[in-house]
Amino acid sequence: ETPALMSVFSLIICQMTDLLFTEKDLVTSLKDYIRAEEDKLDVGVYRWADKLDVLSAAATQDPEGFLGHPVNAFKLMKRLNTEWGELENLVLTDMSDVFISNLTIQRQYFPNDDDQTGAAKALMRLQDTYQLDTNTISSGQLPGQHRLLQTTLAVDDCFDLGKVAYLEADYYHTELWMVQALNQLDQGETSSTVDPVTILDYLSYSVYQQGELERALQFTKRLLELDPTHQRANGNLKYFEYQLAKQKKVEHKEEGQVKVDDYLPERKTYEKLCRGVGIRMTPRRQSRLFCRYYDNNHHPRYVIGPVKEEDEWDRPRIVRYHDIVTEKEMERVKELAKPRLRRATVHDPQTGKLTTAHYRVSKSAWLGAFEHPVVDTINQRIEDVTGLDVTTAEDLQVANYGVGGQYEPHFDFGRKDEPDAFEELGTGNRIATWLLYMSDVQAGGATVFTDVGAAVQPKKGTAVFWYNLHPSGEGDYRTRHAACPVLVGNKWVSNKWIHERGQEFRRRCGLQDTD
């Protein structure tokens with residue numbers, strides 16, 4: 001399991017925490033500016049500053065908890081990328097003013113359009129995977145989230161989400177978010193930047209693109225009731241009526257609304273597993289799963305203090321080790337990784353080289369055993385517990401999954417059609433995977449095995465282990481797995497990919513399953 005947030009949301013929570021404190025400083029500076037210039041400023045600036053003052057004070061009390069809510073993360077991206085810039089233009093009259101100087105300096109560290117778009121896409125990814133309706137997201141009522149940290153989406157925010165989808169030609173999500181924006185306006189919410197006519201214009205086109213001519217016509221007629229002179233709507237009205245007549249009311253409709261991207265059966269399985277709708281193991285199979293104290297054949301380090309081993313799945317055999325690392329060790333690993341976290345990569349089967357991919361959404365860093373004693377200690381513990389030689393393993397990879405972070409279904413091993421996948425390493429294929437969870441996650445973030453229906457929940461301080469190859473060296477296709485999107489919270493993992501070289505006489509029989 002590994003990570004990346006597409007050409008989208010490239011900022012992770014640990015980096016966004018710094019932005020929260022930056023914004024808090026800017027709010028303080030803005031308040032000072034207002035006191036000095038209050039006779040000149042519009043009342044709207046006062047209200048905006050007061051609202052942000054309260055928000056930033058609460059957010060900086062628990063930055064990770066606050067940013068673990070995807071709505072909060074999206075709104076922070078939007079404020080820093082657009083709203084603060086608009087404010088700068090509004091008050092940019094005295095370049096010598098301390099506030100303007102401070103804002104101008106800090107803006108170089110602000111998120112950009114790609115970051116804001118990425119945050120919007122992350123929200124829509126969560127919406128699909130966990131089958132959340134737009135009203136649930138807009139009201140901030142996500143599972144596992146503390147009530148005090150909930151933030152709502154305004155009409156403008158919903159419109160912006162719909163517009164991001166529109167620019168991506170994702171008319172399914174365009175419709176959902178434009179309808180939400182319209183509903184909030186109908187319920188009495190106000191907006192200074194968007195009106196029903198603009199929303200209806202986007203709505204009519206997005207439903208038309210999904211083949212729903214009658215609904216497109218209805219939205220167009222409603223638009224023209226508000227603005228009879230709207231040129232594009234008048235043209236669309238005639239076109240939609242013509243198309244409906246041409247079809248002679250025999251329009252072929254697929255059942256339900258079809259998303260833009262045609263999901264494969266595996267995608268549906270993946271999303272069901274992420275929602276907790278897994279394949280039920282029979283009572284007989286379940287009865288064969290145990291918890292035990294394990295000392296790896298009387299290993300000197302574990303004879304007196306054996307580790308706690310739990311069977312998570314039987315075929316393929318997946319085991320979890322409890323309390324396998326200390327809090328201090330996990331925090332040290334995070335500290336070492338944070339400065340070098342970069343967009344996560346995957347092996348390109350065509351070139352054999354590492355590259356970024358849209359299906360891996362997180363950031364990662366690699367830590368060698370020589371860099372710090374804690375890394376060496378963890379590597380040695382992996383070797384002691386698994387009985388496998390880690391000298392030919394890859395470095396410890398540390399990954400952080402922020403809002404919507406995921407890694408879609410994949411294999412850790414190189415398949416037959418990828419003969420050069422790990423050629424540059426010279427250590428053979430990935431025989432096994434060790435995945436250490438370094439944080440709890442309030443909602444989402446499970447590791448799911450789509451072929452067999454297993455779902456492993458993240459639990460801080462535990463590690464799961466499985467073999468990717470059969471004893472014959474053939475890849476075990478049942479190990480196809482994925483990291484579910486983080487719905488609420490902040491997910492830290494580290495993984496060790498152990499390779500074939502050096503394992504010729506080491507593979508533990510106890511972890512070999514039979515079909």
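With hydrogens and angles disregarded, no donor-acceptor distance shorter than 3.5 Å links the side chain of Thr129 to the backbone of Leu126. A distance-only check finds no donor-acceptor pair linking the side chain of Asp201 to the backbone of Val197 [under 3.5 Å]. Using modelled atom types, one side-chain atom of Gln184 and one backbone atom of Leu153 make a donor-acceptor pair closer than 3.5 Å. Here the side chain of Ser138 pairs no donor or acceptor atom with the backbone of Thr134 at under 3.5 angstrom. His173 contributes no side-chain N or O that, together with a main-chain N or O of Tyr171, makes up a donor-acceptor pair within less than 3.5 Å. Of the possible donor and acceptor atoms, none in the side chain of Thr151 sits under 3.5 Å from a partner among the backbone N and O of Asn72. Distance alone, capped at 3.5 Å, places no donor-acceptor pair between the Asp128 side chain and the Arg125 backbone. Although no hydrogens or angles enter the test, the distance criterion places no donor-acceptor pair under 3.5 Å between the side chain of Lys272 and the main chain of Gly453. At least one donor-acceptor pair closer than 3.5 Å links the side chain of Ser439 to the backbone N or O of Asn490. Proximity of a side-chain donor or acceptor of Glu329 to a complementary backbone N or O of Thr326 within less than 3.5 Å is detected.
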Run Tyr172 and Gln209 through side-chain hydrogen bond (donor to acceptor under 3.5 Å, both in side chains) and show every step you take.
CA-CA 9 Å; Tyr172 170 76; Gln209 285 291 339; over 6 Å; no

Worked check of side chain to side chain contact (heavy atoms under 4.5 Å, CB included) between Leu20 and Leu67
CA-CA 9 Å; Leu20 270 182; Leu67 292 169; 3.8 Å; yes

Quick one: do Asp115 and Thr117 satisfy side-chain hydrogen bond (donor to acceptor under 3.5 Å, both in side chains)? Show the steps, please.
CA-CA 5 Å; Asp115 295 315; Thr117 298; over 6 Å; no

Step-by-step side chain to side chain contact (heavy atoms under 4.5 Å, CB included) determination, Arg275 to Gln131:
CA-CA 8 Å; Arg275 293 194 299 272; Gln131 294 186 339; 3.2 Å; yes

Arg79 and Leu52: side chain to side chain contact (heavy atoms under 4.5 Å, CB included), yes or no, with the steps?
CA-CA 10 Å; Arg79 280 199 309 276; Leu52 277 191; 3.4 Å; yes

I would like to know whether Gln127 and Trp177 meet side-chain hydrogen bond (donor to acceptor under 3.5 Å, both in side chains); could you show each step before the answer?
CA-CA 11 Å; Gln127 180 181 2; Trp177 284 105; 3.0 Å; yes

Go through it in stages, so that I can follow the logic: the residues are Asp195 and Thr198, the test is side-chain hydrogen bond (donor to acceptor under 3.5 Å, both in side chains), and I'd like the CA-CA distance, side-chain angles, deciding distance and then a yes or no.
CA-CA 6 Å; Asp195 55 52; Thr198 305; 3.0 Å; yes

When you look at Val456 and His481, which way does the side chain to side chain contact (heavy atoms under 4.5 Å, CB included) test go after all the steps?
CA-CA 10 Å; Val456 178; His481 61 286; over 6 Å; no

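Residues Trp466 and Phe449 bring their aromatic ring centres within 6.0 Å. Checked against the 6.0 Å centroid criterion, the rings of Phe66 and His69 do not qualify as a close aromatic pair. Checked against the 6.0 Å centroid criterion, the rings of Tyr202 and Phe159 qualify as a close aromatic pair.
Looking at Val155 and Gln180, their side chains never come closer than 4.5 Å, going by heavy atoms from C-beta outward. Here the side chains of Tyr401 and Pro485 are not in contact, with every heavy-atom distance at 4.5 Å or above. Contact of the Pro458 side chain with the Thr447 side chain is not registered, since no non-hydrogen atoms from C-beta on lie closer than 4.5 Å. Considering only heavy atoms from C-beta on, Lys268 stays 4.5 Å or farther from Glu266 through its side chain. Contact of the Ser56 side chain with the Phe21 side chain is not registered, since no non-hydrogen atoms from C-beta on lie closer than 4.5 Å. Side chains of Val71 and Ile137 form a contact here, defined as non-hydrogen atoms less than 4.5 Å apart. Leu367 places a side-chain heavy atom less than 4.5 Å from the side chain of Arg340. The closest side-chain heavy-atom distance from Arg215 to Gln210 is not below 4.5 Å.
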Side chains of residues 217-225: which donor-acceptor partners sit under 3.5 Å, not counting sequence neighbours?
| residue | atom | partner | partner atom | Å |
| --- | --- | --- | --- | --- |
| Thr220 | OG1 | Ala216 | O | 2.8 |
| Arg222 | NH2 | Asp186 | OD1 | 3.1 |
| Arg222 | NH2 | Asp186 | OD2 | 3.2 |

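Annotation: cation-pi pair Arg480/Phe411 present, NZ/CZ under 6.0 Å from the ring centroid and within 45° of its normal. Judged by the 6.0 Å distance and 45° axis criteria, Lys459 is not positioned over the aromatic ring of Tyr437.
Within 6.0 Å of the NZ atom in Lys163, the count of heavy atoms belonging to other residues, nucleotides or ligands does not exceed 12. Annotation: Glu327, atom CD; neighbour count of heavy atoms from other residues, nucleotides and ligands within 6.0 Å is above 12.
Ring planes of Tyr208 and Tyr205: tilted class, angle from 30 to 60°. By the 30° and 60° cut-offs, the orientation of the rings of Trp497 relative to Trp366 is tilted. Between Trp434 and Tyr321, the ring planes are parallel. Angles under 30° get that label, and only those over 60° would be called perpendicular.
Scanning both residues, Ala57 and Thr60, for their nearest heavy atoms gives O-OG1, 3.3 Å. The two residues Met438 and Lys334 come nearest to each other via the heavy atoms O-NZ, 3.0 Å. In terms of heavy atoms, Thr462 sits closest to Leu436 at O-CD1, 3.3 Å.
Judged by distance alone, the side chains of Asn112 and Asn81 never bring a donor and an acceptor atom under 3.5 Å apart.
The side chain to side chain contact (heavy atoms under 4.5 Å, CB included) test applied to Ala120 returns Phe74, Met124, Leu161, Val164, not counting sequence neighbours. Evaluation of the salt bridge (charged side-chain N to carboxylate O under 4.0 Å, His left out) rule for Asp156 yields no partner, not counting sequence neighbours.
A salt bridge links Glu335 with Arg332: at least one charged nitrogen is closer than 4.0 Å to a carboxylate oxygen. A salt bridge does not link Lys496 to Glu394: none of the charged nitrogens lies less than 4.0 Å from a carboxylate oxygen.
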